[in-house]
Engineer: 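After the structure tokens below, expect a handful of questions from me.
Order of the sequence lines fixes the chain letters, A, B, ..., with proteins taken first and strands second; residue numbering starts at 1 for each chain.
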Amino acid sequence: MLTRRPPWLLRRRFITTNTNPKPISKPTHNPKWCVKQVSKSNFSETLKNIKDEILQSDYIAVSLKKTGSHSAPWHKTLSIDTPETAYLKAKYAAERFQLFQFAVCPFSVRDSKLIAYPYNFHLFPRDDFKLGMPCYSFMCQSSYLTSMANEGFDFNACINEGISYLSRAQESIARNRRGNPVVSKLIESSSAHSVADTLFLGRTKSRVKSWLSACKESNTGSEDALIRSLRKLMVGSEEYGSRPCLRVDVCSERHVQLVLEMLKEFSDDVVPLLIRAKGGGIQAVQVVLTSSKKDKEIFEREQQCKEEGENKRVRGFREVIDLISASQKPVVAQNSLNDFTLIHSKFLGPLPPIMDEFRTSLTTSYLKRRFFAPIDVEIPQQVEADENKNHGFDVVRISQLFAKICSVLKVSPQSVEDASSAFKGYANIFNAYSASSDDHMEEDVRISTDHQQKISTENVVFVWGFTVGTSARMLRNQLLTSHEAFSEEFDVCLVDKSCAIIAFWKPNSSAKFLEAMESGGINRDSLSNLISEGLRAADYETYKRLCNLGLWEVNLADSLDNALAADFDGHTEDSHKASTEVHWRNTVRINIDEI
Amino acid sequence: MTKKKQLWSLRPLSQTLTLIYRTFSSSSSSSSSCASTSTSNSSFSIKNVTKSNFDSALVGLRQHIRGADFVAIDLEMTGITSAPWRESFELDRFDIRYLKVKDSADKFAVVQLGVCPFRWDPSVSSFVAHPHNFYVFPRQELPISSPYEFMCQTASLDFLAKYQFDFNTCINEGISYLSRGQEEEARRLFTNLYDNEFLESHSSFKDIKDKGIFRMADVLFTERMKSKISEWRNGLLQVRNGDHESQDSTKESVKQFETIFYMMRPAVKLHGFTSRQLRLIQLVTKNHFKDLAYICVSGDGTSLQQLLVYTDSINDKDLLMTEVKGSLHKDTELKIKNAVGLRHVIDLLSSEKKLIVGHNCFLDLAHLYSKFIAPLPSTGEDYISSIAKHFPHIIDTKLLLNNNDVFQVLKRKRSTSLAKAFAFLCPEIVSGVKASRSAFKPCIKVEVQVDDTRSSNWNSGAKHEAGYDAFMTGCVFAQACSHLGINFESRITSSNLALEEKLQGCINTLYLSWINGDIIDLMTGIRTVESSDSSDYKYRHSKILFSNIVLLWGFPSKLKAAEIKECILKVFGQSSVTSIYHLDETAVFVQFIKAELVSDFLDLKATLERNNDPISVLHPLSKILDGGCTCAANYEVYKEICESPISEMLFADQAEAIGIKWKTKMFAPKPEEPHQETSGPEDGQITGSNPPSSKEFEKLVSVLDGLSSRRIASNGLEDSLAQAQIGR
């Protein structure tokens, strides 16, 4: 039934009748999908709502709006990429570009109804706490900004009102940098004390004692104000809030330990706070005096709340990511490799240099199950996106698409366990091969699913240095007579305007051809002619290497030249178990208009 | 429009409307009916220029610039530095400074350009200023090159947002541009495109023919088209003969064959064919229909619309082809002209050779050069010699204020920032009332004209809006000129202000870096350090010997500058290190007292790393080398690292990213670059990571031996080592 009826009709029914907590404040003329827009001002209230919805829903769809994707045609994931090179490309993009919108949609499917709670979070990496984080600078592609502008995106609101965030890695750095006092537990005396330790202990202990007695005396209130303040000055008493405190400077972690041990003796009244130095490490222990056991409890709780509140503010939008992560619900995303590298680099920490580490880092610390909606299913285009100024529809489309696939596959997605068996093939797989470009989805995908053949990377050769403007066919014709390797079946296709790949369908042909290129085409006039005109060739390893080295020039030819030039002693052979097969599409071609 | 009218009527109410005003008034030319002169405290809006009113604004601006005595400019960018370590440091040599400016101009985008021509109007004895505020956005309007991308510095965007910068207007309505290089590329692209379509026996035909395999599908398609075209042509002739036969049969292909009139001739518009199909159609037309012409006219962007046009005769056909080519050419030129966009303004400034006035404008000029003229050259010298060709007269108000005794008051107050200088020098413009407390009298009057509205004390711009900043800069300059004794009343207005004798000390000299008072003369390329009283804290280190500097990075992250210094002092003696600067948390400059210590230090480090024995471990330097990632090199490597287009956040990561694999290296400075300040006697003599000579090595080992044997008497140890190091 779902598949027969126009899906947006269904959707409208759900959303208008379901329990979507707050219909969007701006009433729009056509009440279609209401995506709640979240920015700084309504973030904390939204957080409470979305928490419940994440817990109650079966799946969570996410969709991201970025400031750019790939800087050159060959930087996008191509069919010739191995998972490893695809990851390196995604990593490069994730590290450079920024997120402006993060749409989250917890959803469940019940009796072929999709119940969805779409939210669209507006983000801006503002340095709210003057920590130099989360992001010093980022890249923008004007075409991306222009198309966002065409959709009515409000950049002013984004920059002024966007929610900031810190990644997990940044949060721990921030904790050290901010230097807020942290309550510490008192510890039992442990190891034996050295002479220096004893000296230090004795000195601080007597200081603390005299301070304590001074405080208690002044409480009796018999002295006049002048003497009281003089005394305070002498013992070095300060105030922490309304409570008196004493600052004990420390030089090492050992000192901290000693001070905490020593304070055990006074544990009924005092609470130690650790003060961090700017560059990390502990600078001092602040001893706060409380008036009673109860007061001490109150103080400790106060401090804890303060710290928690502070952390929450620092984390910002990452709270949502943590909620999704903690819920362990399957996450549905499209074009997941790019999205998840971005999520990892913005909200977890720096991306590891190789794919395998990325995968383990993501699964151990984070989102457990992911499903990838294969993108060669048509996404129903809705008209309302332009009519009301709402954003984040993609996320609803993804959940809708997912529901549709469920019904097509005759899966009941009500329970995650059932579904996951059917989706086994898709879970936790990064669709590295999809030439996924937001704008040019239509024809490429369909063509590509037809003739896909696997070819070992050994049989792929990169050639460049031909005249720009040469077509694959012209190049093929030129090559045809140049070497006997081309007497067997082979294909040529352009990767970008500067570089092409040759796929040899017969093993060893590639090696022979490369050898001939290496020797300068001796005894082969047409080949040496081509070489003298500038033709160069390299194997697939060179391509892998340039991705590893991060030689992301605009033209692949330049990158290949640089990779050959780069002295390569420090290379660790870590790619042994990496897949050595890539997909070859007969029909892969570069659309000149696209370049 | 009505909204605007309302706002106009509200104008006298208050200045609080100014902000709302700014957002609504992208073009206020239409409401110029209320032309007036000299209203008090007027707050009409600055002239905002966007895509929609650019052409008309350009016409006006051209007149204003031609008549101007000088033109003040200002830019707003998406950022200044791409990484913290790329900020300006005291220990930056001239070539490094230029590389940092270049990096900034290469990476960031200009989002606003303020241009404000000033003309002396003798009739009212005041300047007339025409502030223009151009919104800029580097949109890719022609499909040339790779995608446009630029960097944003988060803090800069936040800063702009604080001053109500309108990003929406910028991105939606900003004016795009092509640099000269891009314009040429675009022209080449169009020429190629048209050549491909028009050359009769060109390669595309060859492609089809050469293959020899006119595939079966091609043959069928060709036949089909032949009959379709002849059907259409016959139908056409019949209509001409007055026979109105119904054309039901062609209905299906109506989408692909749309009949129109082109240049007074009947024509078919060809829709939805692939390029191969179009080539086949072209072939068929050529071979079988002598009175039909296959032509292309320009559509949107670079796309072309293919037409089949019916012509009466061969002559008519030739005529048509000429017309088509002519109009294509004209369209192309128009498209390119539109895409050139904002560069017209820069070209205007350059061709009129007017005096350009900016405030601390070295970076601004670098942006103008890189965006509108050409990519920035790789060396500062090349840049300097090139910029003078395009902008022959430039003056920097910050430098002008700092270098003339007349303005010592300002300087002492450290208030040569634009806003402060403006407030101080032009109090009448700021407050709109005659100020009595000004130290500088008389105040030069400045009238502002926006379209036809004019005011003598206009003050409705906002700080850090490029147009208003340009206006302030110009006012400060006019005022400064008057204090320097330039009398505008008596000046011959036609003479070039740039040649004024009293300005000669400042003309074409810019702050390369304001932090250091590094000044550069754009005409000669000569660099000087600002003369100043020695008490000024900034110039304590005015003479920096770059050959005395070691760059150290990748050391243990907790190590602070003081600890590093202490370690080095232990080895090389208490007075061996002049100073230590942090570039960022991962790198420091160590400035030694003399150049030899640089190579000594590097040699010692290399030796210690090679001999991983207990002696090396106990060495005082091992604290710095701990972790095994510590790298060190002399100053030259800093240049290499700054040259790279990569910008990692941390310096140590940057060094790794540009492919530095060694740990210790002494770079020879490039011989073709004379560095005035670097005059170390051993410069360039020790190369590469060569191990120290055997003699030096022996000496070192003996010291280390001594060190280990006298371990217990630890007190005098480091001193002896240090002496051995220094004494050789």
Engineer: Have a look at A:Trp464 and tell me which of A:Asp561, A:Asn555, A:Asp496 forms a side chain to side chain donor-acceptor pair (under 3.5 Å) with it.
Structural biologist: A:Asp561
Engineer: Check each atom of B:Pro84 against the heavy atoms of chain A and say whether the ones under 4.5 Å are side chain, backbone, both or neither.
Structural biologist: both
Engineer: Given side chains that start at C-beta, do those of B:Ile641 and B:Trp85 come closer than 4.5 Å, heavy atoms only?
Structural biologist: yes
Engineer: Non-hydrogen atoms of chain A under 4.5 Å away: do they reach the side chain of B:Thr81, the backbone, both or neither?
Structural biologist: both
Engineer: If you count heavy-atom pairs under 4.5 Å between each of B:Ile646, B:Thr78, B:Asn172 and chain A, which one has the most?
Structural biologist: B:Asn172
Engineer: Under the salt bridge (Lys or Arg N to Asp or Glu O under 4.0 Å) test, which residues partner B:Lys100, sequence neighbours left out?
Structural biologist: B:Asp92
Engineer: Can you tell me if CD on B:Glu87 sees more than 12 non-hydrogen neighbours from other groups inside 6.0 Å?
Structural biologist: yes
